[in-house]
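The next block holds one structure in the form of structure tokens; read it before the comments.
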Number of protein chains: 2
Amino acid sequence: MDKDISRAVIGRLPRYLRYLGELKDKNVERISSSELSVLMKVTASQIRQDLNNFGGFGQQGYGYNVDYLYSEISKILGLEHQYNFIIIGAGNLGKALGGYLNFEKRGFILKGMFDKDPALIGTEVRDVKVMPMEDLPSFIRSNDIDIAVLTIPKEGAVLVAKVLVENGIKAIWNFAHVDLDVPEYVQVENVHLSDSLMKLSYNISSYMENNK
Amino acid sequence: MDKDISRAVIGRLPRYLRYLGELKDKNVERISSSELSVLMKVTASQIRQDLNNFGGFGQQGYGYNVDYLYSEISKILGLEHQYNFIIIGAGNLGKALGGYLNFEKRGFILKGMFDKDPALIGTEVRDVKVMPMEDLPSFIRSNDIDIAVLTIPKEGAVLVAKVLVENGIKAIWNFAHVDLDVPEYVQVENVHLSDSLMKLSYNISSYMENNK
DNA sequence: CAACAATTGACAAGAATTTAACACAAATCT
DNA sequence: AGATTTGTGTTAAATTCTTGTCAATTGTTG
């Protein structure tokens with residue numbers, strides 16, 4: 001793409017895409033920034049400004065064409081590519097993510113799963129077999145894997161990340177509760193569930209404080 | 001608590017807590033903002049400013065006492081309370097969250113699980129039985145449930161959220177891929193996994209664009 | 001116990017983000 | 001066809017968030 005779009009804007013794009021998808025499903029053809037702003041509970045100004053980071057997708061007096069805008073945002077997010085991914089850690093969380101069919105629809109193809117627990121090796125999620133950790137390096141190399149999903153406890157995560165990087169992984173979707181230290185050319189997206197739960201806890205207790 | 005602390009600050013607190021926990025485990029007694037800043041890869045200034053939102057936890061010439069700071073941040077996040085929670089949706093994701101013992105350590109107590117699938121009803125996660133949806137309202141009321149974790153597909157989520165609110169739930173940890181519309185006194189924390197994956201996708205493709 | 005080093009807390013300056021305002025192109029109405 | 005309305009793209013203002021600086025305070029050392 002181009003220069004530097006702010007993280008804040010990127011973070012909002014998936015939400016735009018979601019609402020546009022719903023509009024598509026309802027066969028809505030066009031929508032104005034102000035209509036969308038009501039739906040999404042953000043300012044119309046922000047919508048226009050966000051979209052204009054990537055060029056003018058709308059038209060005065062008409063608004064935005066839903067299909068067109070949807071596909072443009074998809075492109076911006078890189079969703080027209082296909083990505084091969086593997087899951088490391090075949091516990092419940094790993095299996096949940098592996099079984100999530102919507103990822104497939106978006107172009108994320110599950111190629112393999114790995115675990116160090118012998119009891120899990122050989123079990124399957126959607127025709128994908130769980131393999132032992134020893135096979136990981138060669139598998140990444142010979143199957144053109146782009147993304148590794150890390151659903152293992154934090155203790156092992158740092159070491160596994162090292163192996164992944166050494167074998168040319170492009171990105172890590174990290175559910176382990178540590179900050180990974182990887183080269184800048186490897187993209188990391190963290191999902192720290194307990195952080196999220198703590199924020200909820202803060203909100204509950206801060207609401208109670210303010211309203212007692 | 002007091003006036004309005006910015007969302008950005010709150011969002012960083014769990015990460016501070018995590019690093020302080022690690023320091024505690026290593027029996028580190030005190031740490032200065034600049035040492036911590038190296039560890040956490042943020043500016044010392046930000047650490048000091050963040051903490052000062054809540055009062056002066058440090059001491060000139062000394063730094064911050066790790067144990068004390070840890071417990072103060074815990075308090076701010078409301079982690080000294082106990083919260084009773086239930087999980088709605090006993091699929092892999094629900095089971096993964098239900099089985100996560102660290103939540104228990106933080107004071108989040110799993111009281112029940114619910115699902116509409118008859119095949120799952122009666123199965124157990126850590127001695128907690130999966131119950132049918134019909135039992136949900138009375139269970140919330142009679143077991144003093146604070147938090148509901150929503151791990152069901154988006155189709156059912158809006159309706160279930162309504163039921164939760166009607167029965168006095170305080171907070172919803174929402175993994176369903178919709179924005180819930182609840183009264184302001186109900187706290188909602190969204191975990192939209194596909195949004196997170198799309199951000200990763202953006203980063204991969206934008207990195208490739210810039211480096212081809 | 002005085003001098004010095006360390007380090008916070010406070011505040012100011014600087015960035016970044018969000019919201020508002022508006023000129024004007026496109027669509028629609030009469 | 002001309003007038004009116006709609007609604008973008010853009011620039012400007014307001015707000016929020018982050019970083020840098022420094023006086024004040026505390027701990028440490030000889």
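Each chain gets a letter, A, B and so on, in the order its sequence line appears, and its residues count up from 1. Below, all heavy atoms of this structure are taken into account, side chains as well, without hydrogens, waters or symmetry copies.
Rounded to whole Å, the distance from CG on A/N52 to C1' on D/dT10 is 8 Å. For the pair B/M40 CE and D/dT19 P, the computed distance is 13 Å after rounding to whole Å. Taking atom CD of residue B/Q60 and atom C1' of nucleotide D/dT26, one finds them 7 Å apart after rounding to whole Å. When the P atom of D/dT21 is taken as reference, atom CD1 of B/I47 falls 17 Å away, rounded to whole Å.
A/S45 comes within contact range of at least one nucleobase, with a heavy-atom separation under 4.0 Å.
Ion pairing of B/D179 with A/R15 is present here, as a side-chain N (NZ or NE/NH1/NH2) and a carboxylate O approach within less than 4.0 Å. The residues A/E166 and A/K162 are annotated as salt-bridged, a charged nitrogen and a carboxylate oxygen being separated by less than 4.0 angstrom.
The side chain of A/Q49 places no N or O atom within less than 4.0 Å of a non-bridging phosphate oxygen (OP1 or OP2) of D/dT10. Taking only side-chain nitrogens and oxygens, B/Q46 comes nearer than 4.0 Å to OP1 or OP2 of D/dT19. Contact check, A/Y64 against D/dG9: a side-chain N or O comes under 4.0 Å of OP1 or OP2. At the phosphate of D/dT8, OP1 or OP2 sits under 4.0 Å from a side-chain N or O atom of A/R48.
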Between B/R141 and B/N167, does the side chain to side chain donor-acceptor pair (under 3.5 Å) criterion hold? Intermediate values first, please.
CA-CA 6 Å; B/R141 291 182 178 282; B/N167 288 282; 2.9 Å; yes
I would like to know whether A/S34 and A/S32 meet side chain to side chain donor-acceptor pair (under 3.5 Å); could you show each step before the answer?
CA-CA 5 Å; A/S34 63; A/S32 69; 3.3 Å; yes
What verdict does the salt bridge (charged side-chain N to carboxylate O under 4.0 Å, His left out) test give for B/K75 and B/E80, after you've listed the backbone C-alpha separation in whole Å, the side-chain angles of each residue and the deciding distance to 0.1 Å?
CA-CA 6 Å; B/K75 273 187 217 157; B/E80 85 285 12; over 6 Å; no
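Between A/F139 and A/F114, the gap from one ring centroid to the other is short of 6.0 Å. Separation of the A/F108 and A/Y83 ring centroids falls under the 6.0 Å cut-off.
The outermost nucleotides of DNA chain C lying under 4.0 Å from heavy atoms of chain A, listed 5' to 3', are C/dT17 to C/dT28.
Near DNA chain C, meaning a heavy atom under 4.0 Å away, the residues from residues 26-38 of chain A are A/R30.
Positionally, the nearest nucleotide of DNA chain C for B/L51 lies more toward the 5' end than for the other of B/L51 and A/R7.
The aromatic rings of B/F57 and B/F54 sit parallel to each other, their planes meeting at less than 30°, with 60° as the upper class boundary.
For the residue pair A/D146 / A/N84, no side-chain donor-acceptor distance below 3.5 Å is found, with atom types taken as modelled.
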